[in-house]
Each structure stands twice: as structure tokens, then as C-alpha cells.
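Heads up, the thing below is written out as C-alpha cells.
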Amino acid sequence: MKRRTLLGAALAGAVVTPALASGTARAADPGPSLTLTGTTTLDTQAIFFVSYDGLVNNNSFQKNGLLTYKGYQYAVWYTADRNAVVGRRVLGSSTWSTVKVGHTLRYNDSHNVISMGISKVDGRLHLNMDSHSDGFTYVKSVAGLMDNPSGLSWTASRFGAPQSTLDGLALTSQFTYPQFVSTPEGKLQLSYRVAISGNGRNALAEYDGSTWTNLGEWTSSTGTYTSEHGSSTARNMYLHGIDYDKNGRLHSFFTWREQNGAVMCNGGGITNHDTGYVYSDDRGRTWRNNAGTVVGTTGGSDKVAVTDSGLVIDALNPDHSLMNQESQFTDSAGLPHAIISYVPGRFGQCTTNYVADRTANGRAFHVRKNSSGTWQKTELPVPLNSSQRTKLILDKYDNAYAIFPFCRIAGASKASGHTDWSVLYDGVTAGLNAFGEVVIDETRIAQDNFLSIMYQEKSSGTTPSALRNLNFRLPA
């Protein structure tokens, strides 16, 4: 496999500034800044249990656990009595109205998240939930609910009955990681994984306003990957996201996870390796590598595989506890950005306990394509202090913001080439008592220039805790 290693500047030493500090002011192009406008409470007693080091209501890979549309913000979570609920509020209001959608959480598995999507073509809200390698539950609203929120009551009668299929379309009995994405035409696509960790394939389904169609799988789990330690013949591609830019290009960063632990230096690590990138210009029907070469066809015999050339944009072997499913975003020019994290080589060339080693020595990196088409990489000077994931967003000036576990936020200006990262807000010193990973409203930023974050307070055992929504105004 042909690999290309990025050249990136690494910044050393943590920079800590007071909470809510602003970036350097620029007359024509403001730097990053955050103005806290308030916190709302979604649930004082949300379900709490820890599995896979995470919470079911706040896994950062939960695409659209929080979203904004036509002046209203929507959120999904499980209550203390395990009911799946969807809430909404008028932007600016502190009051959430909730409805139960007829489903209760089956297992204490933090991967059984709830994800939302909007089919703009018919104004429906779609929910996919409780899905970790053994099917899913699907609920959709009546048509037009999202287009006329002030005129239609927010009641359970606005939602259909829970289903184990997509309106009769059965996808797979081993279904995981639902991610809804709206196409430029207003259709709704559902990205998901078929099969299990270490031996799975990514696939797409599409809703056109009346019918769901299974477009099929687009990644392969086969082929041989060989490290300096051993080989593996099965794997799955973990997506950092799947997002359309303003020009209609579909982007996805990813990492591979091998099934065979023989590829690692130590069994206490994790078999994730390499950061890759693909894109599609035909709504996910064909996939191209960074050079523009077609490397896979959705539903076809040729799928994106670990043996394909030109996929890797940042090479890394499986010995550094590289995290899967981190974060990505596209800027105003349609250029792709991602956050990845791992234990850099300066802390050793072999992690032996990925949770402990990432917590002690893990660092996040900002990977992005610049206007000349070159990939750049910058280490953020903020220790992770966690094994968990970091989120990424960009404001309207293309300043970048990394939202770390515990709701610590760092920013970097576009003017600096995204190299002047500094801490803008620290949820730890602010006393939020956030558990770890947070959920970001990726849709709100472009609509009213706000960063909205959903987090859950730390608890112990299975004692329920408060679920809250934190809101920051970004540069005007």
C-alpha cells in the first residue's frame, strides 16, 4: 500500500488562558473566541452507566444527537427509566419540551446511542437508536413537522411506531454506528456499519421522501495488512465522519482497525492504524482517493480496501493507540479538516494499555488540506488527560475549535495557518463536572453562529445525573 506521511509542525507545552478568553482580534478576520451565553438543562435525571469508557447519551461519534433547524434546537437521550425521548426548544429559550417515542433502551451498552436526521424533502425527523451489532430501532415523524414547528404540537402522536426496519427495508442483523446526513437535494442518507468491530463494512441507505433504498456496502473487510509485528486479513474502516461540503462533495476521514492483534507490539494496545481520506462527488455512489482516482463503488464489486493506494494521508502503525471515530469538518471553501489523536513516539514506540497510555500521554492533532491541496498537520498543545475523543468545528471565518473531553475548548486562527492553538474555555475549572466526551451541534454553527454542546455530569455506578446544554457565541 502506498503511504504518504504528512509534514506537520508540533507545538510543545500546554497553553492555558483564562476561561472565555478571546483570540487575537483582527480587523478583517477575527480570530477564535467564545462568549458563554448560558446553560440549559435537558434532564435532571438522565440514565447513567459507563461502558466502553463512555456514556450512551454522550458518545462523540453520535452524529446529530443535537441539531438545529429553522429556529428550533432538537436533542435526543435516554431518561432514568430508559425511555428514548426527543426534546426541542426555541433557540434562546431555556425550556425543553420532550416526547417519548415508544422505545426503551435494551442493554447497558454505551454504543446504543440515538442519532437524528432530517429529510428536508418532506420535513420529517428520523431517529435511529439502540444499535450495536444486533439490529436497530427506527422512528420517523409525520411529514412537515420540521418545517412548521411553531404550528404543529410537539406530542408523541407526531411520531410513528418504532420499527426494526426502515419502512420495511431490512438492512442487516449486525447494524452499528448510524449517521444521518442530508444531501444537497434534501434527501436523507444513512451511513452504517455491517458486521462487527475488526471485521465490518461501511454501507449507505437513502430516503427520497417516500422510499428507503439500500445503496449497499462501499468498504471491504478483506485483504492483507502487515506491520513490523505480524499480519491481519480482516478489519473494518472506522469513519471520523461523513459530511457534504457547500459544493456537494461528500468527505470522509477514517482509520483502519485490524482483527488480528498480532499486528501490535503489545496485546494491551489497540489495532487502529493510519489516517485515511476518501471523497465522493456523486452522492456516495463512487469513492475517490486524495489524487482523485476511483477506489470503490457503493454496492459494486470493487470496494475501498486497505490494499488500495493513495488512501493514507497520515501513516501510523498500530503501536500508538490511535483513536477511531474522532471528528471532521469542512471549511467555507469546502476543504476537509479532521482531529485525530494518539500517543506520539516521543513517549515511546509501544503502548501497552491504550486507556492508561492515552490518558497519560495522548495528544490531539489537527489534519487539514490547504488551498494548494497539500495536507498539513499540527499537534495541539493540550494534553488529552483522557482516553476519549475530541470534536472539531470551524466558525464562519474558518477559525478552528477543538472540544476536548470534560468540555475543554481550544481554538486556532485561520490567519496563523491554524498553528496558534490556545485554550479558550476549561470546563474543569468552570466546575461543569462533565463526565468526558461531549456531543456537538454541528448544524447550528452555520445557522446562527453559536457553538452548542451537550454534556452529562459525572456520577457513580448507575445513579442518574443531569444532562445539560452549554452555549457559546462565536465571532460575529
Side-chain angles (χ1 to χ4, degrees), residues 46-66 75-86 101-117 126-139 162-166 169-181 189-205 214 217 219 221 234-242 254-259 270-272 323-327 354-355 387-389 435-439 454 456 462 467:
I47 195 169
F48 184 98
F49 59 84
V50 180
S51 79
Y52 298 97
D53 301 310
L55 303 181
V56 72
N57 286 331
N58 274 98
N59 259 311
S60 69
F61 59 74
Q62 178 185 356
K63 190 171 181 68
N64 295 338
L66 190 65
V76 283
W77 68 94
Y78 296 102
T79 61
D81 59 2
R82 311 182 75 84
N83 273 285
V85 300
V86 55
V101 295
H103 177 74
T104 55
L105 179 67
R106 294 175 297 161
Y107 314 120
N108 280 4
D109 181 338
S110 68
H111 284 57
N112 288 335
V113 300
I114 309 174
S115 295
M116 291 186 287
H126 302 250
L127 309 178
N128 190 295
M129 66 196 93
D130 215 346
S131 56
H132 190 195
S133 301
D134 66 346
F136 60 85
T137 296
Y138 168 68
V139 171
Q163 308 175 48
S164 60
T165 65
L166 299 178
L169 176 65
L171 297 177
T172 172
S173 61
Q174 293 182 306
F175 177 102
T176 313
Y177 302 129
Q179 296 189 74
F180 287 111
V181 58
Q189 293 180 324
L190 176 62
S191 168
Y192 62 97
R193 187 187 71 190
V194 178
I196 60 174
S197 174
N199 191 11
R201 289 92 60 198
N202 291 321
L204 285 173
N214 189 12
E217 299 173 10
T219 70
S221 60
R235 70 205 44 83
N236 69 264
M237 176 196 285
Y238 274 110
L239 303 182
H240 291 310
I242 183 165
F254 63 88
T255 186
W256 297 105
R257 176 176 293 178
E258 298 300 322
Q259 185 181 60
I270 192 167
T271 60
N272 297 341
M323 181 49 66
N324 50 286
Q325 296 166 288
E326 202 118 26
S327 188
Y354 86 91
V355 171
S387 65
Q388 298 172 296
R389 299 170 180 86
F435 171 81
E437 288 184 3
V438 298
V439 170
M454 185 167 70
Q456 189 161 352
T462 57
L467 188 67

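One-based numbering along the sequence shown.
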Judged by modelled atom types alone, do [X] and [Y] share a side-chain donor-acceptor pair under 3.5 Å?
| X | Y | answer |
| --- | --- | --- |
| Asn199 | Ser221 | yes |
| Arg257 | Asn236 | no |
| Tyr238 | Ser197 | yes |

Listed partners of Ser60 passing side-chain contact (heavy atoms from CB on, under 4.5 Å), at least two apart: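 Listed in chain order: Arg389, Lys391, Glu437.
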Identify, with sequence neighbours excluded, every residue that meets side-chain contact (heavy atoms from CB on, under 4.5 Å) alongside Asp53. Tyr354, Val355, Ser387
Rounded to the nearest 0.5 Å, how far apart are [atom1] of [X] and [atom2] of [Y]?
| X | Y | atom1 | atom2 | value |
| --- | --- | --- | --- | --- |
| Asp130 | Thr137 | CG | OG1 | 5.5 Å |
| Gln174 | Arg201 | CD | CZ | 8.5 Å |
| Ile242 | Leu204 | CD1 | CG | 5.0 Å |
| Asn57 | Leu467 | CG | CG | 5.5 Å |
| Asn202 | Tyr192 | CG | OH | 10.0 Å |
| Trp256 | Arg235 | CH2 | CZ | 7.0 Å |

Can you check whether [X] reaches [Y] side chain to side chain, under 4.5 Å on heavy atoms?
| X | Y | answer |
| --- | --- | --- |
| Asp134 | Tyr107 | yes |
| Arg82 | Asn108 | yes |
| Met116 | Phe180 | no |
| Val101 | Met129 | yes |
| Glu217 | Val194 | yes |
| Val86 | Ile114 | no |
| Trp77 | Ile47 | no |

For [X] against [Y], the heavy-atom pair lying closest together:
| X | Y | answer |
| --- | --- | --- |
| Val85 | Thr79 | CG1-CG2, 3.7 Å |
| Thr176 | Ser133 | OG1-N, 2.7 Å |
| Gln62 | Val439 | OE1-CG2, 3.6 Å |
| Leu55 | Ser110 | C-CB, 3.7 Å |
| Gly102 | Pro162 | O-CG, 3.3 Å |
| Gly241 | Gln179 | CA-OE1, 4.0 Å |

Measure up the Tyr177 and Phe61 rings against each other and bin them: parallel (under 30°), tilted (30 to 60°), perpendicular (over 60°). perpendicular
Parallel, tilted or perpendicular: which describes the rings of Phe136 and Phe175, with under 30° parallel and over 60° perpendicular? tilted
So, [X] side chain and [Y] main chain: donor-acceptor pair closer than 3.5 Å or not?
| X | Y | answer |
| --- | --- | --- |
| Ser115 | Asn128 | no |
| Asn58 | Gly436 | no |
| Tyr78 | Asn112 | yes |
| His240 | Glu326 | yes |

